[in-house]
Asks: 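What follows is a structure written as structure tokens; I'll ask about it next.
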Amino acid sequence: MFSFHGVLCLKCYLLDVKTNDNTVFVLVDGKGELHNYVYDLLYYGYIKPLVNPGNILEDMLNNTEVLDAWLEEWFQPLHYTSKTTIIVYKARSYNTVKKIHVNALKHGFGIPVNTYPDPLVESLWRHGYMPSAKYILDNGRLVLGDNASVDYEEPSFKYAILEFYRNGVRINDLSREPDSVVVKLWNNRVYKGGLIDTPDLLLGEKIHVLYTGFVDKQWIDMLFPSLLENTLWIDNEIIPVDHYGLVLWSRLSYTPIRFLNHATIGKVLTTIEALEARARKYIVMKDTGRVEPWRPLMELIRRDRGGFVYTPRPGLYFNICQVDFNSLYPS
């Protein structure tokens, strides 16, 4: 159930989810105002036992922070042709899952598995709460709106892009102190001027997401240390999409925007794949990767030929089909 703080919003967008003692949904209404809703979200954890599974299960069930625990058979890597027993448990606290994982490794009774994606992402996926999507408040419940598909309605997130300058030249290191700033707002307004008005501008506009480079972020921390206390920061020099691309990534992967800072499309796709693996009971191990040995150049070319772009030979050809993966080779 939700408990509500502040004015209720009939239509809102899920901006963020905070996981301290309680799970707090940060929602933005149609006017851009923030509302914090406390929700009783359930978190799942997974342990691959190294000792008698029954003993671990008994300890889990005696843990007052654990709601329930049971044994399941899951497919195991690398080839997922065989199954193994793992302990699945659920709790109301995000911190409980983290604490049990730490204890499992510390005391050597099991190995945490399915730790990717973050337990919060899996919980949102299990409950059907899609970050950055539109919701309707209906009798105390958040119901996913009718525009959560690819043809989504743009959320009412207020965002800004900030850049620092000195003598009209963009700053790209900390050796040159800025003397001016350019702020591009979500509503196409642009502010160009001195530093002194920047905090009042951003706080006055109640910015939800601020896009800057890493150097700009360092200058913000030094010049305006409290500016980002209630604002999500995204490094727009690293992330390869704009704000609306980030919103779409967030929805497709059930991942709040702040988790996608410095992300690539690879992380988004891997998250979607991991959630599908969860549905099929395929164990996801973060350390499953295989390190390849050094290879002679010609062998590397032969083995990795699928990753090369070949220049076609000039000529006249018929029955040609072309598939162009634009983002596969961004360079």
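Since this is a predicted model, take the numbers as computed values, not measurements. Residue numbers start at 1 and run along the sequence shown.
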Asks: Could you list the residues that satisfy ring pair (Phe, Tyr, Trp, His ring centres under 6.0 Å) with Tyr94, not counting sequence neighbours?
Replies: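 Listed in chain order: Tyr43.
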Asks: Quick one: are Thr255 and Pro117 in side-chain contact, heavy atoms under 4.5 Å?
Replies: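 No; the side chains remain at least 4.5 Å from each other.
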Asks: I'd like to know if the side chain of His208 reaches the main chain of Gly32, judged simply by a donor and an acceptor atom lying under 3.5 Å from each other, with no hydrogens or angles considered.
Replies: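 Yes; judged by distance alone, with no hydrogens or angles, the pair exists.
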Asks: If you define the side chain from C-beta out and look only at heavy atoms, does anything of Val182 sit under 4.5 Å from Val190?
Replies: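 Yes. Closest side-chain heavy atoms under 4.5 Å.
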Asks: What pairs of residues pass the side chain to side chain donor-acceptor pair (under 3.5 Å) test when at least one of them lies in residues 166-181, not counting sequence neighbours?
Replies: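 Output for this query lists Arg170-Asp216, Asp173-Ser175.
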Asks: Can you list the residues that meet the side chain to side chain contact (heavy atoms under 4.5 Å, CB included) rule with Arg258, with sequence neighbours excluded?
Replies: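 Applying side chain to side chain contact (heavy atoms under 4.5 Å, CB included) to Arg258 gives Asp16, Leu120, Leu232.
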Asks: With sequence neighbours excluded, what pairs up with Tyr165 under the ring pair (Phe, Tyr, Trp, His ring centres under 6.0 Å) test?
Replies: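 By the ring pair (Phe, Tyr, Trp, His ring centres under 6.0 Å) rule, Tyr165 matches no residue at all.
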Asks: So do the side chains of Leu27 and Leu15 get within less than 4.5 Å of each other, counting heavy atoms only?
Replies: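 Not in contact.
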Asks: Restricting to ring pair (Phe, Tyr, Trp, His ring centres under 6.0 Å), what partner residues turn up for His243, sequence neighbours left out?
Replies: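 By the ring pair (Phe, Tyr, Trp, His ring centres under 6.0 Å) rule, His243 matches Tyr159, Tyr211.
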Asks: Sequence neighbours excluded, which residues qualify as side chain to side chain contact (heavy atoms under 4.5 Å, CB included) partners of Pro240?
Replies: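 Trp249.
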Asks: Just one of Tyr37, Tyr13, Tyr39 clears the ring-ring contact (aromatic ring centres under 6.0 Å, His included) bar with Tyr129, so which one?
Replies: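 The ring-ring contact (aromatic ring centres under 6.0 Å, His included) with Tyr129 is passed solely by Tyr39 among Tyr37, Tyr13, Tyr39.
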Asks: Go through the structure and list residues passing side chain to side chain contact (heavy atoms under 4.5 Å, CB included) with Asp235, not counting sequence neighbours.
Replies: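 Testing Asp235 for side chain to side chain contact (heavy atoms under 4.5 Å, CB included), a comparison that skips the adjacent residues, returns Phe214, Trp233, Glu237, Ile238, Asn261, His262.
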Asks: Linking Ile, Leu, Val, Met, Phe, Trp and Tyr by side-chain heavy atoms under 4.5 Å, what else ends up with Leu67?
Replies: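 Leu67 shares its hydrophobic cluster with Leu42.
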Asks: Any side-chain donor paired with an acceptor under 3.5 Å for Ser132 and Ser250?
Replies: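 Ser250 and Ser132 do have a side-chain donor-acceptor pair below 3.5 Å.
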Asks: Suppose the criterion is side chain to side chain donor-acceptor pair (under 3.5 Å): which pairs have a residue in residues 187-198, not counting sequence neighbours?
Replies: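 Every side chain to side chain donor-acceptor pair (under 3.5 Å) pair that includes a residue of residues 187-198, provided the two are not neighbours, is Arg189-Glu205.
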Asks: Restricting to pairs with a member in residues 46-57, which pass side chain to side chain donor-acceptor pair (under 3.5 Å), not counting sequence neighbours?
Replies: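 Pairs touching residues 46-57 that pass the test: Tyr46-Glu122, Tyr46-Arg126.
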Asks: When clusters are formed from ILVMFWY side-chain contacts under 4.5 Å, directly or step by step, what else is grouped with Tyr317?
Replies: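 Ile320, listed by chain and number.
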Asks: Any salt bridge between Lys99 and Glu65, counting N to O under 4.0 Å?
Replies: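 So Lys99 pairs with Glu65 through a salt bridge.
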Asks: Taking atom types as modelled, find out whether Glu72 and Thr85 have a side-chain donor-acceptor pair closer than 3.5 angstrom.
Replies: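 No donor-acceptor contact under 3.5 Å links the two side chains.
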Asks: Applying side chain to side chain contact (heavy atoms under 4.5 Å, CB included), name anything that partners Ile196, two or more places apart in sequence or on another chain.
Replies: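 Per chain and number, Ile196 pairs via side chain to side chain contact (heavy atoms under 4.5 Å, CB included) with no residue.
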